[in-house]
Amino acid sequence: MLRLLKYEFRKTLFPKLVLLALLVIFEGIFLYGYWTGNNSTVTLGLSLFLFTFLCGLLAIGIISLVTLHKDMNTRQGYMLFMTPNSTYRILGAKVAENGLSMLGIGAVGLGICLLNFSLIKQELEFITSFLKNFGIGLMPTFPHLSALLVYIICDILCSVTTAYLADVICSSLLNGQKGSMVITFVLFALLNFGIQKIMGLVPASLDIVVMFLLQGAIALVLATVMYIITARLMDLYLSV
């Protein structure tokens with residue numbers, strides 16, 4: 001399992017290094033603005049950092065899906081399934097790599113965000129206004145931001161495993177039939193719609209930290225279910 005995990009990390013290492021480099025550059029812009037007292041540069045650096053950070057988490061999920069698709073549909077990638085490893089281990093390594101990558105990037109981003117917020121206390125009103133786009137009452141504090149990050153990572157992981165399932169259905173059950181991609185996309189959309197409905201069952205009246213953690217836990221359970229179904233389908237219908 002450890003070898004598979006290392007293999008998956010190596011395959012997706014370059015885009016993650018690019019993401020980290022961008023975060024360092026935008027953090028540098030922020031710090032330059034802070035040290036020179038240029039508020040416009042501070043706002044620009046912080047906005048670019050937050051945008052890249054959130055988009056980067058989503059990109060890690062998309063890269064994982066693209067990697068699985070390539071592995072199933074190219075001769076070189078398909079060699080992975082010829083190794084003496086079960087589909088559960090191969091797919092599990094991909095899910096684990098995806099989750100660990102988002103946790104690593106998320107921890108770095110959260111730490112830098114909290115450092116930045118401590119430097120610009122006078123601009124917290126702007127930050128609070130920006131973060132309200134993610135939920136009423138969200139504050140730039142460690143409990144709130146860490147709970148939000150846990151929820152975002154679990155939600156993306158759930159979406160990725162749902163996309164795994166849709167992609168495997170396209171490659172196995174539908175076997176490239178006409179319109180299979182459309183059916184797969186519709187299935188993915190329907191599954192996500194159902195998942196969001198389940199998430200909506202968590203009462204909005206709860207403390208925002210509790211609400212994010214509950215929704216994250218539900219997303220993690222659903223991601224596990226999607227992973228098991230996907231691995232089972234690969235065992236039954238793909239020549240692996």
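Everything quoted here is computed from the prediction, not taken from an experiment. Values reported hereafter were calculated over all heavy atoms of this structure, with side chains retained and with hydrogens, waters and symmetry mates removed.
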Test item: [X] and [Y] side chains (from C-beta on) under 4.5 Å apart, heavy atoms:
X: F193; Y: Q196; answer: no
X: F53; Y: L19; answer: no
X: L206; Y: Q215; answer: no
X: V95; Y: Y164; answer: yes
X: L44; Y: L48; answer: yes
X: M226; Y: I195; answer: yes
X: D155; Y: M199; answer: yes
X: I153; Y: L149; answer: yes

Cut-off 3.5 Å, no hydrogens considered: what does the side-chain donor-acceptor table look like for residues 101-108, sequence neighbours left out?
| from | atom 1 | to | atom 2 | distance (Å) |
| --- | --- | --- | --- | --- |
| S101 | OG | K16 | NZ | 2.7 |
| S101 | OG | E97 | O | 2.7 |
| S101 | OG | E97 | OE2 | 3.0 |

Are [X] and [Y] in one and the same hydrophobic cluster, where Ile, Leu, Val, Met, Phe, Trp and Tyr link if side-chain heavy atoms are under 4.5 Å apart?
X: L54; Y: L145; result: yes
X: V221; Y: I229; result: no
X: L13; Y: L57; result: no
X: F188; Y: I156; result: no
X: L23; Y: F14; result: yes

For this session: Go through the steps to decide whether Y34 and T41 satisfy the test side-chain hydrogen bond (donor to acceptor under 3.5 Å, both in side chains), and finish with yes or no.
Result: CA-CA 8 Å; Y34 174 75; T41 306; over 6 Å; no
Nearest-0.5 Å distance that lies between atom [atom1] in [X] and atom [atom2] in [Y]:
X: T67; Y: E8; atom1: OG1; atom2: CD; value: 7.0 Å
X: L220; Y: L213; atom1: CG; atom2: CG; value: 11.5 Å
X: L50; Y: I112; atom1: CG; atom2: CD1; value: 11.0 Å
X: L58; Y: I152; atom1: CG; atom2: CD1; value: 10.5 Å
X: L165; Y: T230; atom1: CG; atom2: OG1; value: 4.0 Å
X: I228; Y: L91; atom1: CD1; atom2: CG; value: 10.5 Å

For a quick test of reading the model, state the closest non-hydrogen atom pair linking [X] to [Y] and the distance between them.
X: A219; Y: C154; result: CB-O, 3.6 Å
X: Y151; Y: G216; result: CD1-N, 4.0 Å
X: V209; Y: P143; result: CG2-O, 3.9 Å
X: V160; Y: S64; result: CG1-OG, 4.2 Å
X: L22; Y: T52; result: CB-CG2, 4.1 Å
X: N192; Y: S159; result: OD1-OG, 3.7 Å

For this session: Run the ring-centre check on F26 versus F49 and record whether the distance is less than 6.0 Å.
Result: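 When the ring centroids of F26 and F49 are compared, they turn out to be at least 6.0 Å apart.
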For this session: Scan V186, L222, T162 and name whichever one has a side-chain contact (heavy atoms from CB on, under 4.5 Å) with L191.
Result: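 Running side-chain contact (heavy atoms from CB on, under 4.5 Å) over V186, L222, T162 with L191 returns exactly one hit, T162.
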For this session: Quick one: sort the Y88 and Y227 rings into parallel, tilted or perpendicular, breaks at 30° and 60°.
Result: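 Y88 vs Y227 ring planes: perpendicular.
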